[in-house]
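Okay, so here's the structure we're looking at.
From a predicted model like this one, the values you see are computed outputs, not experimental measurements. Note that these values count all heavy atoms, side chains included, but never hydrogens, waters or copies made by symmetry.
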Amino acid sequence: MLDANRSGTAPTSPPAATPSPLAAAHGPALGPAAPGAVTVPALPPAGFAARCTRLLLSPYARLSLLLALLAGGAAGVLVCEPQRLLTHGWPPQLGGAAAALVFAAAYGLCTVVFVPRPLLNLAAGAMFGSQVGLATALAGTVLGAGVAFGLGRALGQDALRPLLRGRWLKAADGQLSRHGFRSMLAVRLFPGVPFWAANYCASVSRMGWLPFLLATALGSVPNTAAYAVAGARASAPTSPAFLIAMACVAVPALAGTVIAWRKRHRLRAG
């Protein structure tokens, strides 16, 4: 007989492992655990919240959010009718620097939702004069371009880049990605592409922030100045300043059209 039986004591056996509540809830373990081993409960599978998060962060969900924001902004512009500023003037409650800052912010937001810049530039010149109107319009131009570029880059780039399959689209994307500053400067100097379209096309490309904003600020000066002067002299449409301003608007547009027509073969082959 064993010594344990001689002494009258029962043999001791190791305590049975108690299954954890998580292991019991998620089914039996893959195999028996070794004596003395620490059992780590298995992590629960991804739940409904994780799937919803992945869906909301997907490229097409973000693109849908961008389209919804732009549609809502455009609807807001149609309701508020900012073009009434040209006929009714600026609210008398605002004046001086505060009015210029508010106008610049409103200018930028309006360009994001497709309001034409020429109309806003004319309004800036009519309400603030040539010099202050030019500075205000340029500030709004850079602000609106930056907001549109950021929205397009964050919400639309991942969904739209796989769609760049056509030859012209690939050529335009390559031009903007490799020669961002030069290409955007030409677009701003020779108007032809709508302002909002250039912003969102640039955001889909691999152009950097600094070349985009710097080219926008420099390239927008001549055209913006011409419209601001025209707006400030709109009450005298036969004055030399107004006629020169209109010529400065028409000549770059015509030159840009001619250059684009002559370079079309290079763009198609690029």
Side-chain angles (χ1 to χ4, degrees), residues 57-71 73-74 104-105 107-118 120-121 137-225 252-253 255-270:
L57 295 179
S58 65
Y60 289 103
R62 284 180 286 153
L63 179 60
S64 301
L65 176 60
L66 175 61
L67 296 177
L69 290 175
L70 295 180
Y107 183 115
L109 295 178
C110 286
T111 60
V112 174
V113 291
F114 321 126
V115 175
R117 281 184 66 246
L120 298 171
N121 292 333
L138 282 178
T141 296
V142 176
L143 174 63
V147 172
F149 188 85
L151 286 175
R153 180 62 55 89
L155 300 178
Q157 186 186 47
D158 293 339
L160 294 177
R161 279 202 67 82
L163 303 179
L164 300 177
R165 298 173 183 175
R167 184 167 55 181
W168 281 68
L169 292 177
K170 287 184 177 180
D173 174 65
Q175 187 73 16
L176 290 173
S177 299
R178 292 191 302 267
H179 311 289
F181 176 81
R182 185 175 66 187
S183 301
M184 187 53 57
L185 184 64
V187 169
R188 302 307 192 194
L189 284 174
F190 303 105
V193 180
F195 183 74
W196 59 268
N199 294 336
Y200 291 115
C201 288
S203 69
V204 176
S205 72
R206 293 187 174 91
M207 182 187 299
W209 277 88
L210 183 59
F212 173 76
L213 293 178
L214 187 59
T216 298
L218 294 177
S220 299
V221 171
N223 185 265
T224 306
T257 303
V258 173
I259 292 174
W261 177 258
R262 296 184 62 181
K263 298 294 184 181
R264 69 189 188 282
H265 300 296
R266 182 181 300 180
L267 180 62
R268 186 181 302 174

Contacts of Ala159 that satisfy side chain to side chain contact (heavy atoms under 4.5 Å, CB included) - sequence neighbours left out: Pro59, Tyr60, Leu63

Closest non-hydrogen contact found for Ala145 with Phe212 is O-CE2, 3.4 Å

Between OG1 of Thr141 and CG of Leu120, what distance do you get to the nearest 0.5 Å? 8.5 Å

Leu70 and Val113 have their tightest heavy-atom pair at O-CG1, 4.0 Å

Residue pairs involving residues 197-209 (criterion side-chain hydrogen bond (donor to acceptor under 3.5 Å, both in side chains); sequence neighbours excluded): Arg188-Asn199

Tyr107 and Val115: side-chain contact (heavy atoms from CB on, under 4.5 Å), yes or no, with the steps? CA-CA 9 Å; Tyr107 183 115; Val115 175; over 6 Å; no

Distance check, rounded to the nearest 0.5 Å: Met207 atom CE versus Phe181 atom CZ? 10.5 Å

Which value, rounded to the nearest 0.5 Å, describes the distance between Arg153 atom CZ and Asp158 atom CG? 10.0 Å

Specify the closest pair of heavy atoms between Val193 and Ala198, including all atoms of both residues, with the distance to one decimal. CG1-N, 3.9 Å

In chain order, what residues pass the side chain to side chain contact (heavy atoms under 4.5 Å, CB included) check against Val221, with sequence neighbours excluded? Leu138

All heavy atoms of Gly152 vs all of Leu66, minimum pair found to be CA-CD2, 4.3 Å

As a quick check of understanding, evaluate side-chain contact (heavy atoms from CB on, under 4.5 Å) for Thr216 and Val187, giving each step before the final call. CA-CA 9 Å; Thr216 298; Val187 169; over 6 Å; no

Could you pull out all residues at least two apart from Thr111 that satisfy side chain to side chain donor-acceptor pair (under 3.5 Å)? none

Would you please name every residue forming a side chain to side chain contact (heavy atoms under 4.5 Å, CB included) with Pro194, sequence neighbours left out? Trp196, Ala197

Mind checking side chain to side chain contact (heavy atoms under 4.5 Å, CB included) for Pro222 and listing every partner two or more places apart, or none if nothing turns up? Leu189

Interatomic spacing from CE in Met184 to CG in Leu218 - rounded to 0.5 Å: 13.0 Å

Would you name the heavy atoms of Val142 and Leu213 that are closest together and state the gap between them? O-CD2, 4.1 Å

Which atom names give the shortest non-hydrogen contact between Asn223 and Arg117, and what distance separates them? OD1-NH1, 4.2 Å

